[in-house]
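For reference, the structure is listed below as structure tokens.
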Amino acid sequence: LDPSYAAPWATMAIAQWDMHRRSASPDDGQDAASRAIAIDPNLADAHAALGAAYQGQGQYEVGLEACRTALQLDPESYEGNRVAGMCSTALRRYDDAIRYFEKAAAVVESEFTAASFAPQCYEAKGDLPGMREAARRALARIEKVVAAAAPAPAAVTELALVHNHPKDQPCQPLSEAEIKRAFGDL
């Protein structure tokens, strides 16, 4: 990577964090995010990446603060809003989490991860009508993503979770066998 160009360092930090949360890498992206911030302290995604690293470490307040910095720099930052939603969820600040997740989903039309978290937040705060409406929006988005191209396994899994969710019951993950039965081999 170019040692003086912050954007690739921020992108690498998000990728490292994603691999870390999947237990595929010991590197959580914090060093790359810190390097991106040192190069360009005004790069929103660098602060969001740092927030993601802190979120992964269980430091939700610190992660949320990094995301707030990202969102001050760029209120339309997908990563800033998504990670702020994750931190807010962990802190049980569901109204804030919903706002962040819905903003992230609005920023990237093909995005389904944040859109899929919003129903869980409505459910956690006991707003079942809100949960159902958010689940309908997430389902429509996921179906659109799946229909547009060869199904991405993550999109199909989210589709199965949202589509098979009973109206007034907590969401239960489908087993791998149930997903295969419903969607075949992906």
Side-chain angles (χ1 to χ4, degrees), residues 1-91 93 96-118 120-121 137-138 141-142 144-159 161-162 186:
L1 294 177
D2 182 338
S4 61
Y5 186 42
W9 285 99
T11 301
M12 183 170 80
I14 289 291
Q16 288 174 334
W17 168 79
D18 190 49
M19 295 296 291
H20 178 76
R21 75 178 181 83
R22 297 172 194 265
S23 301
S25 171
D27 192 337
D28 65 4
Q30 185 172 352
D31 291 340
S34 296
R35 182 159 185 164
I37 292 168
I39 296 167
D40 183 356
N42 295 313
L43 183 61
D45 280 352
H47 291 279
L50 185 60
Y54 285 129
Q55 183 269 337
Q57 297 167 12
Q59 297 183 54
Y60 307 116
E61 284 289 354
V62 179
L64 186 55
E65 214 31 63
C67 290
R68 286 184 180 137
T69 299
L71 296 172
Q72 286 174 348
L73 294 167
D74 179 6
E76 301 296 307
S77 168
Y78 165 76
E79 292 295 346
N81 280 290
R82 182 176 63 89
V83 176
M86 294 168 69
C87 290
S88 295
T89 300
L91 293 166
R93 297 177 189 161
D96 291 339
I98 290 165
R99 182 172 42 85
Y100 289 128
F101 288 139
E102 290 183 350
K103 178 65 173 182
V107 169
V108 179
E109 192 174 310
S110 62
E111 194 287 326
F112 59 85
T113 305
S116 298
F117 283 132
Q120 297 171 36
C121 294
R137 287 191 308 267
R141 182 177 293 252
I142 294 164
K144 186 176 178 181
V145 169
V146 170
V156 172
T157 300
E158 291 296 330
L159 174 63
L161 287 171
V162 173
L186 300 176

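Since we're looking at a predicted model, the values are computed, not measured. Count residues from 1 along the sequence.
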F101 and M86: CA distance, side-chain angles, deciding distance, side-chain contact (heavy atoms from CB on, under 4.5 Å) verdict: CA-CA 8 Å; F101 288 139; M86 294 168 69; 4.0 Å; yes

Verdict with reasoning, Q30 to Y54, per side-chain contact (heavy atoms from CB on, under 4.5 Å): CA-CA 8 Å; Q30 185 172 352; Y54 285 129; 3.5 Å; yes

Side-chain (N81) to main-chain (P75) donor-acceptor, under 3.5 angstrom: yes

E76/K103 salt bridge by N-O under 4.0 Å criterion: yes

Salt-bridge contact E111-R82 (side-chain N to carboxylate O under 4.0 Å): no

Between [X] and [Y], is any pair of side-chain heavy atoms under 4.5 Å apart?
{"X": "D27", "Y": "M19", "answer": "no"}
{"X": "T89", "Y": "Q120", "answer": "no"}
{"X": "H47", "Y": "Q72", "answer": "no"}

Shortest non-hydrogen contact between [X] and [Y], atoms and distance:
{"X": "A49", "Y": "A13", "result": "CB-CB, 3.6 Å"}
{"X": "A53", "Y": "G29", "result": "CB-C, 4.5 Å"}
{"X": "A33", "Y": "A46", "result": "CB-O, 3.8 Å"}
{"X": "V83", "Y": "C67", "result": "CG1-SG, 3.4 Å"}
{"X": "Y100", "Y": "R68", "result": "OH-NE, 4.2 Å"}
{"X": "L64", "Y": "C87", "result": "N-SG, 3.7 Å"}

Set of residues satisfying side-chain contact (heavy atoms from CB on, under 4.5 Å) with respect to T11, sequence neighbours excluded: none

Quick one: pull up [atom1] in [X] and [atom2] in [Y] and give me the separation to the nearest 0.5 Å.
{"X": "S77", "Y": "L71", "atom1": "OG", "atom2": "CG", "answer": "6.0 Å"}
{"X": "S110", "Y": "I142", "atom1": "OG", "atom2": "CD1", "answer": "12.0 Å"}
{"X": "T69", "Y": "L73", "atom1": "OG1", "atom2": "CG", "answer": "7.0 Å"}
{"X": "L50", "Y": "D45", "atom1": "CG", "atom2": "CG", "answer": "12.5 Å"}
{"X": "E61", "Y": "R93", "atom1": "CD", "atom2": "CZ", "answer": "4.0 Å"}

W9 vs L43, side-chain contact (heavy atoms from CB on, under 4.5 Å): CA-CA, chis, key distance, verdict: CA-CA 11 Å; W9 285 99; L43 183 61; over 6 Å; no

Verdict with reasoning, M12 to R35, per side-chain contact (heavy atoms from CB on, under 4.5 Å): CA-CA 11 Å; M12 183 170 80; R35 182 159 185 164; over 6 Å; no

